[in-house]
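Reviewing the structure listed below.
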Amino acid sequence: MGFLILFSGWVIEWLYGSSYSAGAGLLALLALVIPIIYLNYGLTHMLIAQGLEKFNTLFFGLALVINITVNLIAIPRWGGTGAALVTLLTELVLLTLCSCKLLIGAR
């Protein structure tokens, strides 16, 4: 993650050439999402392991609705940066929902 943030410009230029260098900021922003995705992967599997599949489905459905709705607003206004920020927001929402449910339990 840190490598992508620090060297995003170099990575983009190496992979795609200098004509795509504007995407370096987006790569750096999306790199922030990586650890959250890994946490969510584990948390959603913990929900399933505890027999809370209905919450897993509910949380993913809610995240999907949030992602699509906010992207419809963000992309026309801020383009790729808006989409990257919405991805970060969506993963944070999923992290919050799963964490709260696991902390509270099946009450």
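Just so it is clear, the model here is predicted, and its values are computed rather than measured.
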When hydrophobic residues are tied together by side-chain contacts of less than 4.5 Å, even through go-betweens, does [X] share a cluster with [Y]?
| X | Y | answer |
| --- | --- | --- |
| Leu6 | Leu15 | yes |
| Leu97 | Leu102 | yes |
| Met46 | Tyr38 | no |
| Phe7 | Trp14 | yes |
| Ile73 | Leu89 | no |

At what distance, to the nearest 0.5 angstrom, does [atom1] of [X] lie from [atom2] of [Y]?
| X | Y | atom1 | atom2 | answer |
| --- | --- | --- | --- | --- |
| Thr57 | Leu62 | OG1 | CG | 12.5 Å |
| Thr90 | Asn67 | OG1 | CG | 3.5 Å |
| Leu52 | Leu58 | CG | CG | 11.5 Å |
| Leu39 | Cys98 | CG | SG | 10.5 Å |
| Lys101 | Leu43 | NZ | CG | 14.0 Å |
| Leu27 | Leu32 | CG | CG | 10.0 Å |

- Query: Stepwise, does the side-chain contact (heavy atoms from CB on, under 4.5 Å) test hold for Thr44 with Ile48?
  - Reply: CA-CA 6 Å; Thr44 55; Ile48 293 168; 5.5 Å; no

How close do [X] and [Y] get, counting heavy atoms only, and between which atoms?
| X | Y | value |
| --- | --- | --- |
| Pro76 | Asn71 | CD-O, 3.8 Å |
| Ser8 | Ala24 | OG-O, 3.1 Å |
| Ile5 | Ala31 | CG1-CB, 3.8 Å |

- If the plane angle is over 60° it's perpendicular, under 30° parallel, otherwise tilted; pick one for Phe59 and Phe55. tilted

- Query: Side chain of Asn40, backbone of Glu91: donor and acceptor closer than 3.5 Å?
  - Reply: yes

- Message: Donor-acceptor pair, distance only, cut-off 3.5 Å: does the side chain of Ser99 make one with the backbone of Thr96?
- Response: no

- Task: Output, in order, the C-alpha distance, side-chain angles, deciding distance and verdict of side-chain contact (heavy atoms from CB on, under 4.5 Å) for Leu92 and Leu88.
- Result: CA-CA 6 Å; Leu92 287 171; Leu88 178 61; 4.1 Å; yes

- Item | side-chain contact (heavy atoms from CB on, under 4.5 Å) evaluation trace for Val11 with Phe3 | CA-CA 9 Å; Val11 170; Phe3 177 84; 3.6 Å; yes

